[in-house]
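Heads up: the structure comes next, in structure tokens.
The chains referred to below are lettered A, B, ... by the order of the sequence lines, with proteins before strands, and numbering in each begins at 1.
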2 protein chains.
Amino acid sequence: MTDQELTPPAAGSSSTAETRDAVEPDTIDRGLLEGLLGYHLRRAEVFAFQSFGSTGPGHEGISPGQLGVLLMVQANPGINQTGAGRALGIDRSTLVSIIDALEDRELVERTPSPTDRRSHALIVTAKGESFLKRIRPRLDAHEDELVRHMTAAERATLIDLLRRMVSP
Amino acid sequence: MTDQELTPPAAGSSSTAETRDAVEPDTIDRGLLEGLLGYHLRRAEVFAFQSFGSTGPGHEGISPGQLGVLLMVQANPGINQTGAGRALGIDRSTLVSIIDALEDRELVERTPSPTDRRSHALIVTAKGESFLKRIRPRLDAHEDELVRHMTAAERATLIDLLRRMVSP
DNA sequence: TATTGTTATACTCTATAACTATA
DNA sequence: TATAGTTATAGAGTATAACAATA
């Protein structure tokens with residue numbers, strides 16, 4: 001299976017290629033990279049990140065990580081920081097500055113937990129809710145841009161495969 | 001299309017949920033996130049990055065970005081920095097420190113271009129070639145880990161969809 | 001004028017280790 | 001003892017703007 005997976009496609013490997021004076025864009029050989037899932041994943045992520053900043057919600061001064069936390073808190077009002085981090089797959093230390101930024105903009109609030117004085121119950125403020133409503137068109141446009149070359153079925157397949165990659 | 005794409009799946013939206021004292025892992029609702037391609041893409045990328053460091057070539061002290069450049073130069077001996085950056089989709093300024101690191105380890109060498117004194121002709125050294133041979137099993141293991149829940153056909157589909165996302 | 005490589009700077013993202021307060 | 005939040009630190013990724021040397 002391994003061998004099959006890592007065999008580069010059509011392009012033709014040039015492991016025996018000689019040094020050229022110049023390599024024109026059209027004659028670029030991606031070699032092993034072309035067959036590496038990790039490589040394509042990274043490129044897609046970079047593309048999505050840039051789309052988020054131009055077409056997407058980044059226009060409103062929010063980062064992907066901040067939006068993720070905001071949506072997570074919206075769906076789970078009263079969740080604490082450790083819980084949100086676990087659900088998002090990120091360390092609780094990473095969340096601190098994200099929530100700091102969201103709280104500075106008054107989109108999220110740290111309220112005292114009624115049951116555990118160590119933790120904060122996170123909630124989306126009214127301002128946060130209207131912010132989410134306002135950026136929704138940009139979020140939609142961003143998602144549309146990512147799938148501009150795919151059918152709805154292909155988009156669903158892609159999400160399914162990505163989810164399986166992460167699942168235990 | 002937009003509406004369809006962003007409709008969250010089964011789980012059931014809790015936009016009307018009331019604040020809870022605690023939110024247990026099992027009762028987490030990912031809300032809108034569950035249907036966002038950008039979200040799943042980011043999680044998959046984080047997973048792949050961590051797999052690269054544990055199972056994968058990261059064990060040999062190389063980063064994903066460095067390996068990408070190394071493989072690109074291997075496939076295109078004599079390519080210059082701007083060309084490599086363009087092929088990899090990253091800015092030429094970003095490449096400088098990556099190539100610095102590879103050159104420090106003597107895996108890649110900046111040789112003078114015979115045709116343009118502004119540019120460097122990049123080549124993989126003998127040490128670089130043997131390094132690539134040596135890490136190959138780890139690279140294979142890493143790729144295998146990413147697709148551990150997929151068939152070979154699904155893996156090919158995933159790569160195809162990711163490539164289409166990035167393509168113009 | 002335009003391009004190559006470089007530097008400085010800045011902004012994402014992520015984590016680990018150690019600390020305080022509380023359970 | 002263990003957990004929640006925080007801080008300090010570090011390292012991965014990315015880009016833009018400006019400069020010197022060269023085309």
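Taking every heavy atom of residues 90-99 of chain A and every atom of DNA chain D, pairs under 4.0 Å involve A:Arg92, A:Ser93, A:Val96, by number.
When heavy atoms are screened at a 4.0 angstrom cut-off, B:Gly89 is found touching the sugar-phosphate backbone but no base atom.
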Distances for protein N or O near nucleotides 20-23 of chain D N or O, under 3.5 Å:
from   : atom 1 : to       : atom 2 : distance (Å)
D:dA23 : OP1    : B:Arg117 : N      : 3.0
D:dA23 : OP2    : B:Arg117 : NH2    : 3.2

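Separating the CG atom in B:Leu122 from the CZ atom in B:Arg110 is a distance of 7.5 Å, to the nearest 0.5 Å.
Nucleotide D:dA12 holds its P atom 14 Å from the CG atom of B:Leu67, rounded to whole Å. Going from atom CZ of B:Phe52 over to atom C1' of D:dG13 covers 13 Å, rounded to whole Å. C:dA8 atom P lies 12 Å from atom CG of B:Asp100, rounded to whole Å. In this structure, A:Gln81 atom CD and D:dT6 atom C1' are separated by 9 Å, rounded to whole Å. In this entry the distance linking CZ of A:Arg42 with C1' of D:dG13 reads 8 Å, nearest Å. Whole-Å rounding puts the A:Glu103 CD to D:dG5 C1' distance at 12 Å. Between A:Arg43 atom CZ and D:dT14 atom C1' there is a gap of 13 Å when expressed in whole angstrom units. In this structure, the CG atom of B:Leu102 is 12 Å from the P atom of D:dA12, given to the nearest Å.
Note on A:Thr82: a side-chain N or O is less than 4.0 Å away from OP1 or OP2 of D:dG5. For A:Ser113, no side-chain nitrogen or oxygen approaches OP1 or OP2 of D:dA4 to under 4.0 Å. Contact annotation: B:Arg110 side-chain N/O to C:dT6 OP1/OP2 distance is under 4.0 Å. For A:Gln66, no side-chain nitrogen or oxygen approaches OP1 or OP2 of C:dC13 to under 4.0 Å.
A residue-by-residue look at A:Gln50 and A:His120 shows that A:His120 has its nearest nucleotide of DNA chain D further toward the 5' end.
Contacts of B:Ser63 classified as side-chain contact (heavy atoms from CB on, under 4.5 Å), with partners at least two apart in sequence or in another chain: B:Gln66. B:Arg138 meets the salt bridge (charged side-chain N to carboxylate O under 4.0 Å, His left out) test with B:Glu60; sequence neighbours excluded. For B:Tyr39, the ring pair (Phe, Tyr, Trp, His ring centres under 6.0 Å) criterion is met by no residue, not counting sequence neighbours.
Taking a cutoff of 4.0 Å between a charged side-chain nitrogen and a carboxylate oxygen, B:Arg164 and B:Asp160 qualify as a salt bridge.
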In dot-bracket form, 5' to 3', how is DNA chain D paired? Count Watson-Crick and G-U wobble pairs only if both distances fall under 3.5 Å, and write | where the partner sits on another strand. |||||||||||||||||||||||
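In this structure, the side chain of A:Arg163 does not engage the main chain of B:Ala44 through any donor-acceptor pair within 3.5 Å. For the pair A:Asn80 (side chain) and A:Ser119 (backbone), a donor-acceptor distance under 3.5 Å is absent. Between the side chain of A:Arg42 and the backbone N or O of B:Phe49, no donor-acceptor pair lies under 3.5 Å. Of the possible donor and acceptor atoms, none in the side chain of B:Arg134 sits under 3.5 Å from a partner among the backbone N and O of B:Phe131. A distance-only check finds a donor-acceptor pair linking the side chain of A:Arg148 to the backbone of A:Glu145 [under 3.5 Å].
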Quick one, B:Thr125 with B:Glu106, criterion side-chain hydrogen bond (donor to acceptor under 3.5 Å, both in side chains). Give me CA distance, side-chain angles, the key distance, then yes/no. CA-CA 7 Å; B:Thr125 64; B:Glu106 299 182 324; over 6 Å; no
Evaluate B:Thr55 against B:His142 for side-chain hydrogen bond (donor to acceptor under 3.5 Å, both in side chains), listing each step before the verdict. CA-CA 6 Å; B:Thr55 311; B:His142 165 60; over 6 Å; no
